[in-house]
Amino acid sequence: MIKQNVKKSTVVIPNYNGISYIENCLDSLLKEVWDFDVIVVDNHSIDKSKEVVLENYPFVKVIPFEENTGFCKAVNAGIQAATTEYVILLNNDTTVEKGFVKALEDAMERHPKAFSVGAKMVDMKNPEILDDGGDFYCALGWAFAGGKGKDSAKYNKEREVFSACAGAAIYRKNILDKIGLFDEMHFAYLEDLDIGYRAKIHGYKNYFTPDAIVHHAGS
């Protein structure tokens with residue numbers, strides 16, 4: 001009897017008017033040799049990016065919204081639709097390097113108490129510059145991206161972080177079921193710090209891995 005591979009991960013991509021980026025993002029995922037599901041949650045785009053996905057990427061499940069609900073509600077819909085052990089959140093203005101999905105899954109399996117693992121995000125135009133090496137929260141209440149703007153070559157060690165950046169990170173779905181999904185009071189930004197904090201309160205950990213590399217356009 002031939003044993004079939006079981007998909008471990010679902011990549012969830014929130015999209016809002018991402019016509020300049022969404023094809024490059026999905027094309028980079030097509031280069032992966034790993035088996036996973038892909039869900040695009042469209043926040044009522046008016047630039048035809050939703051139609052581009054529907055017409056050209058039949059392997060992608062599209063969840064359309066009738067209004068722009070923001071990041072959290074969109075990714076929550078994708079998480080709820082996923083049936084895999086892990087959920088990977090990925091911004092639409094990114095491209096991933098080959099081995100991205102497997103690298104994140106492998107990191108989760110190295111850390112059984114991990115709630116999340118963030119990828120190494122580099123600047124799309126200048127990949128020698130780090131965009132995010134894990135998020136942190138200081139005693140004064142400030143949140144910041146570790147290593148942002150610094151030499152990306154200096155961030156090549158896996159480490160524990162306060163929280164993973166939700167722009168490119170993997171999450172253990174059964175823990176999301178336990179602690180709750182992303183807080184939809186955060187329309188966008190800081191929702192990843194919030195959920196990482198909640199996971200830590202419940203005794204879980206968050207990590208950064210340099211093995212999963214993502215190029216991020218950003219704003």
Side-chain angles (χ1 to χ4, degrees), residues 1-15 18 21-42 50 52-65 71-121 158 164-182 192 195-196 199 204-215:
M1 182 177 178
I2 298 174
K3 185 177 180 181
Q4 294 183 338
N5 291 328
V6 177
K7 294 178 182 179
K8 293 182 180 180
S9 295
T10 300
V11 179
V12 174
I13 304 170
N15 179 63
Y21 301 108
I22 192 67
E23 289 180 280
N24 288 336
C25 180
L26 292 171
D27 287 345
S28 71
L29 286 171
L30 277 171
K31 297 176 183 177
E32 291 280 283
V33 296
W34 215 238
D35 198 15
F36 52 89
D37 291 328
V38 181
I39 296 173
V40 169
V41 184
D42 187 78
K50 179 187 73 174
V52 165
V53 177
L54 287 168
E55 291 171 11
N56 300 321
Y57 300 91
F59 67 95
V60 174
K61 177 179 180 178
V62 176
I63 299 176
F65 281 5
F71 179 86
C72 292
K73 191 165 186 176
V75 298
N76 283 347
I79 291 167
Q80 289 172 317
T83 59
T84 50
E85 179 181 0
Y86 303 127
V87 175
I88 297 172
L89 302 188
L90 186 65
N91 280 5
N92 65 348
D93 61 341
T94 62
T95 59
V96 306
E97 292 195 7
K98 191 173 180 179
F100 165 77
V101 173
K102 185 176 186 301
L104 289 177
E105 291 178 355
D106 287 348
M108 288 294 265
E109 290 171 12
R110 284 194 296 273
H111 303 287
K113 289 291 289 181
F115 164 60
S116 69
V117 177
K120 180 178 181 178
M121 300 181 75
E158 197 160 279
C165 174
I170 188 169
Y171 298 86
R172 212 178 292 273
K173 194 169 185 295
N174 64 350
I175 299 178
L176 285 164
D177 294 338
K178 178 179 179 181
I179 70 172
L181 301 178
F182 286 85
D192 40 14
I195 205 165
Y204 301 104
K205 296 183 178 183
N206 305 293
Y207 292 88
F208 158 81
T209 182
D211 298 335
I213 300 175
V214 175
H215 298 252

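Contact record, Val214 with Ala168: CG2-CB, 3.8 Å, taken as the closest heavy-atom pair. Closest non-hydrogen pair, Phe65 versus Ala74, comes out as CE2-CA, 3.9 Å. Shortest non-hydrogen contact noted between Cys165 and Met121 is SG-SD, 3.8 Å. Here the shortest heavy-atom pairing between Tyr86 and Glu109 reads OH-CG, 3.6 Å. Cys25 and Ser28 get closest at one heavy-atom pair: O-OG, 2.6 Å. Here the closest non-hydrogen pair linking Ala82 and Ile39 is N-CD1, 4.2 Å.
Atom CD1 of Ile88 sits about 10.0 Å away from atom CD1 of Ile13, to the nearest 0.5 Å. A distance of 13.5 Å separates CD1 in Ile213 from OG1 in Thr94, rounded to the nearest 0.5 Å. Annotation: the span from Leu29 atom CG to Trp34 atom CH2 amounts to 15.0 Å, rounded to 0.5 Å. The structure places CG of Leu104 at 5.0 Å from CD1 of Ile170, a figure rounded to the nearest 0.5 Å. Note that CZ of Phe36 is 8.5 Å distant from OG of Ser9, once rounded to the nearest 0.5 Å. Expressed to the nearest 0.5 Å, how far CZ of Phe59 lies from CG of Leu30 amounts to 4.0 Å.
The shortest side-chain heavy-atom distance between Val87 and Val75 does not fall under the 4.5 Å cut-off. Tyr204 is not listed as a side-chain neighbour of Arg172, based on a closest heavy-atom distance of 4.5 Å or more. Val53 places none of its side-chain heavy atoms less than 4.5 Å from the side chain of Asn15.
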**OP:** With side-chain contact (heavy atoms from CB on, under 4.5 Å) as the test, would you mind laying out the steps for Asp37 and Lys61 before giving the verdict?
**Re:** CA-CA 8 Å; Asp37 291 328; Lys61 177 179 180 178; over 6 Å; no

Item checked: Full working for side-chain hydrogen bond (donor to acceptor under 3.5 Å, both in side chains) between Tyr57 and Asp27 -> CA-CA 9 Å; Tyr57 300 91; Asp27 287 345; 2.9 Å; yes

| message | Pair Leu176, Phe115 - check side-chain contact (heavy atoms from CB on, under 4.5 Å), show working. | response | CA-CA 8 Å; Leu176 285 164; Phe115 164 60; 3.7 Å; yes

Start with the C-alpha gap between His215 and Glu97, add the side-chain angles, then the distance that decides, and say whether side-chain contact (heavy atoms from CB on, under 4.5 Å) holds. CA-CA 8 Å; His215 298 252; Glu97 292 195 7; 2.7 Å; yes

Item checked: Audit row: Asn91, Phe71, side-chain contact (heavy atoms from CB on, under 4.5 Å) steps and yes/no -> CA-CA 10 Å; Asn91 280 5; Phe71 179 86; 4.0 Å; yes

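Atom NZ of Lys173 has more than 12 neighbouring heavy atoms from other residues, nucleotides or ligands inside a 6.0 Å radius.
In this structure, Asn206 contributes its side chain and Ala164 its backbone to no donor-acceptor pair below 3.5 Å. Formation of a donor-acceptor pair under 3.5 Å by the Glu158 side chain with backbone atoms of Tyr207 is not found in this model.
With Ile22 as the partner, the side-chain contact (heavy atoms from CB on, under 4.5 Å) test is satisfied by one option alone out of Val60, Asn92, Asp42: Asn92. Each of Lys120, Arg110, Lys98 was checked for a salt bridge (charged side-chain N to carboxylate O under 4.0 Å, His left out) with Asp211, and the lone residue meeting it is Arg110.
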